[in-house]
2 protein chains.
Amino acid sequence: MGTSAGLTERERDVLRAIIQDYISSAEPVGSRSVARKYGFRLSPATIRNIMADLAELGYLDQPHTSAGRVPTDLGYRVYVDSLMSRRPLTRAEESMIERKFRPPQGEVEDLMREASKLLSGLSRSVGVVLVPRVDQLAVKRIEFFHLAGERVLVILITTSGQVHHSMVILDEVIPQDELNKIARLLNTLVEGLSLSRVRQLLVKKMAEEKAMYDELLRRALKLGQKSFAGDMEGEVYIGGTANIMDQPEFADVEKMRSIFAAFEETSKLVKILDQCLTQEALTTIIGSENVIRELQDLSLVTAPYWCGEHLLGTLGVIGPTRMEYSRIIPLVDFTAKLVSRHLTEVAS
Amino acid sequence: MGTSAGLTERERDVLRAIIQDYISSAEPVGSRSVARKYGFRLSPATIRNIMADLAELGYLDQPHTSAGRVPTDLGYRVYVDSLMSRRPLTRAEESMIERKFRPPQGEVEDLMREASKLLSGLSRSVGVVLVPRVDQLAVKRIEFFHLAGERVLVILITTSGQVHHSMVILDEVIPQDELNKIARLLNTLVEGLSLSRVRQLLVKKMAEEKAMYDELLRRALKLGQKSFAGDMEGEVYIGGTANIMDQPEFADVEKMRSIFAAFEETSKLVKILDQCLTQEALTTIIGSENVIRELQDLSLVTAPYWCGEHLLGTLGVIGPTRMEYSRIIPLVDFTAKLVSRHLTEVAS
DNA sequence: GGCTAGCACTCTCATCTTATGAGTGCTAAT
DNA sequence: ATTAGCACTCATAAGATGAGAGTGCTAGCC
C-alpha cells in the first residue's frame with residue numbers, strides 16, 4: 001500500500017500499537033508500554049530500535065529527546081489507509097444512531113442542523129454538514145413576488161426540496177401579474193435542469209434574443225439571469241464546537257482561538273468541504289494535509305450524501321488528529337447514508 | 001437614583017474611577033492608584049476608607065485580603081445607570097460604522113448575519129442578532145407548492161421581506177392547481193394581518209365552517225392552520241464568539257467551554273433576548289442578572305430594531321461584565337438604528 | 001470630625017532549586 | 001538479531017524564597 005510498502009509486518013504491528021495507544025491516552029508512548037501492553041514477545045530495547053526506524057521514516061516523532069513517541073500526520077495516514085481495523089458498525093449501534101436522529105419534518109435546513117448535532121454528539125467532536133452551492137441541483141420551480149418598487153423576491157425550489165430565496169433589484173418596475181407570466185415562462189424553460197445548465201441556457205437564449213422583440217421573453221431572461229446569478233454559495237452547519245475544548249492538546253488558548261476563528265470564517269471551510277465532495281466517497285484529511293492553516297492540527301472525516309441519485313453535499317466530523325478513526329469513519333459513513341435516506345424519501 | 005441614593009458625591013467619584021480603571025486594566029485596583037491617577041486631593045488612606053464603605057455596600061469586592069478592589073455586578077449596575085458618562089457617538093464614528101456596514105442586497109438573513117459581524121467587530125466581543133418568532137409580523141403573502149405525494153411546501157412572506165418556508169404533510173393529495181386556488185383564497189383572508197391574528201382567525205373560521213360545505217374553503221383553512229402552526233421559533237445570529245477568548249478572565253478552559261456550549265444552545269439565548277425585546281428600549285443585563293447560568297460572567301447590551309413601525313427583533317453585544325459600557329451602549333444603540341433604517345427601506 | 005502618615009500584616013506571583021521518574025541511545029554480551 | 005545494563009536527558013511537580021502590592025488599624029494632625 002504505497003507509503004507503507006517498506007514496512008515489515010512487525011514494524012506495522014508496532015506502529016499500529018503506538019498509534020492506538022496514543023489515540024486513547026494522548027500521552028507520548030514509550031517502548032516499555034508497547035512491549036508490555038501489546039504482548040509482543042520482544043524487549044523494550046528491541047521495540048526502541050523499531051521505533052527509531054519508524055521515526056526515521058517519518059511515521060513517528062518525539063516531542064523531546066527523552067519522551068516517548070507520538071504519531072506524525074504521515075503516521076496517521078498510514079494507520080488510516082492500511083493499519084486500522086475497519087470494523088463496520090454493529091446492528092445495535094446503527095439502530096441506536098437511528099433512534100437518536102429525530103428526523104424533523106419541516107424544513108430541510110433543520111435536517112442538516114440535526115445531522116451536525118448528531119455527528120458532534122456521537123463523535124464528541126465537531127460535526128459539520130455542507131450544503132454546497134447548488135449548481136448540481138435540479139430546479140423544480142421558480143417564482144417571483146413583487147415587493148416594493150423595483151424589488152422582487154425570487155424563490156427557487158429544487159427537486160430535493162430545498163428553498164432558496166433572494167431579493168433582486170430591477171431596472172424597471174414589473175407588476176405582479178407580469179411577474180407571474182414571467183415565472184410561468186421561465187418554469188417551462190428551466191424545469192428539471194441543473195442550475196449550472198440553467199445559467200448556460202439563459203446566456204445562450206439571451207444572445208439569440210438580441211434580435212428578437214418579444215418583450216416578455218426579454219424581461220424573463222433578464223430576471224432569470226439576475227435570479228440565478230446569486231452567489232449560491234455553500235452553507236455549512238457546524239455543531240458541537242465546544243467539544244474541541246475537551247481535547248487536552250488544545251489547552252492553549254491561542255491555538256483554540258485561531259481554530260474558532262476558522263470555524264466562523266465559513267467560506268474557507270466550504271471550500272475544503274467542497275473539495276471532499278468531488279471525491280464522491282469517504283475522505284479523510286489529516287492534520288497538515290489540510291490547506292487551511294488554522295485547521296492543521298485537526299483532522300477531517302467526510303462522506304458525501306445524496307438525494308436519490310443526485311450528489312447533494314458532504315457531512316463529517318472535525319476533531320483532533322488524534323481522533324478515533326476506527327470509530328469515527330464508520331460513524332460518518334453511516335450518518336451520510338442515513339441522511340441520504342431521509343432526503344431521498346422526502347424527494348420521492 | 002435608587003440604589004445609589006445613599007452615596008456622597010465623593011463616593012460616587014471613587015466608585016466611577018475604580019470601575020473605569022478596572023474596565024481598562026482587568027486588574028484589581030488599589031487605593032494608591034485611584035488617588036494618584038484620578039487627581040483626588042486625598043491620600044490613599046482616605047480612599048481606602050471610602051473603598052471599605054463601598055465594599056460594605058456591595059459595590060466592590062476583593063478577590064482576597066491583600067488585593068485591590070474589583071467591581072461587583074451591583075457596582076457595574078450603578079455605574080451603568082448613573083455614574084457613566086453617556087457620550088453619544090460622534091459624527092465621524094457614525095459614518096465610520098455606516099461605511100463598515102455593507103448592506104447586502106439579497107436576503108434579509110444576510111443583513112442579520114452582517115449586523116452580528118459588525119457588532120462583534122466593533123465591540124471586539126460577541127455580536128448577537130435575534131430574529132424573534134414572527135408572531136407580530138404581518139403576512140404579505142402565502143404560497144403552496146406541491147412537492148410529492150401529500151407533501152406540500154409552504155412559503156410565507158412577511159411585509160418586512162422575510163421568507164419562511166416549511167414542509168407540511170397533508171392527509172390527502174392536493175394537486176398544484178387546487179393549491180393555487182387555496183393560496184389565492186387564503187391570501188385574500190390573511191393579507192396584512194399579523195401571524196398571531198391569522199392563527200386566531202383561522203380557528204374562528206374553522207369553527208364557523210363546521211356547518212358549511214365549501215370543500216375548497218375547508219381545505220384552505222386546514223392547510224392554512226397547518227402552515228401557520230409551525231414553531232416559528234426565534235433565530236439568533238451569533239458572530240465573533242472567538243473574541244471572548246481574548247478576555248483574560250476567561251483563560252480558564254472549563255469556564256469557556258460552558259460559555260460556548262451556551263452559545264450553541266441557542267434556544268436559551270433566544271428566550272433571554274426575547275425578554276429584552278419586550279422592553280422596547282436599550283437594555284443591559286449585567287452578570288448575575290442573567291438567568292442563564294452559563295452566561296452569568298457575561299454582560300449583555302441589547303437594543304430593539306424595527307421595520308417601519310413594526311418591532312422586529314433585538315440585537316446587541318455579549319461580552320465580559322468588564323466591558324466598556326460607555327462605548328458599547330452607544331454602539332449598540334446606533335447599530336439598531338442603522339439596521340432599522342435598512343429594513344425600513346427594503347419594506348417601503 | 002475628617003484626614004493622613006506610618007507600620008505591621010497578608011497574600012499572590014514569579015523565580016529558583018531540587019528531586020523524581022519516564023524514557024531514550026548506546027554498548028557489549030548472548 | 002536480540003537483550004540487559006547503564007549513563008544521560010528532559011519534563012514535571014513540589015517546596016522554598018523573596019519581592020511587591022495592598023490592606024487595616026492606630027495614632028496624631030488640622
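All figures in this text were calculated on a predicted structure; none of them were measured in a lab. Per chain, numbering begins at 1; letters A, B, ... match sequence-line order.
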Pairing of A:R124 and A:D246 as salt bridge, 4.0 angstrom limit: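 No.
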Basic-acidic side-chain contact under 4.0 Å: A:R10, A:D13: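 So A:R10 does not pair with A:D13 through a salt bridge.
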Atom pairs under 3.5 Å, N or O on each side, protein against nucleotides 28-30 of chain D: can you list them with distances?
none

Less than 4.5 Å apart, any side-chain heavy atom of [X] and any of [Y]?
X: A:V34; Y: A:I50; answer: no
X: A:I318; Y: A:L269; answer: yes
X: B:V14; Y: B:L42; answer: no

Could you pull out all residues at least two apart from B:R327 that satisfy salt bridge (charged side-chain N to carboxylate O under 4.0 Å, His left out)?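 Expected list: B:E324.
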With A:L83, which of A:R16, A:R77, A:Q20 fulfils side-chain contact (heavy atoms from CB on, under 4.5 Å)?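 Result: among A:R16, A:R77, A:Q20, A:R16 is the only option passing the side-chain contact (heavy atoms from CB on, under 4.5 Å) with A:L83.
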Output the rounded distance in Å from CD (B:E11) to P (C:dG2).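 My rounded result for the distance is 12 Å.
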Rounded distance in Å - NE2 (B:H64) to P (C:dT12):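 It works out to 5 Å between those atoms.
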Distance-only side-chain donor-acceptor flag, B:T284 / B:Y76, under 3.5 Å: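 Short answer, no.
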Quick one: what's the B/S/- string for nucleotides 22-28 of chain C, heavy-atom cutoff under 4.0 Å, read 5' to 3'? BSBBB--
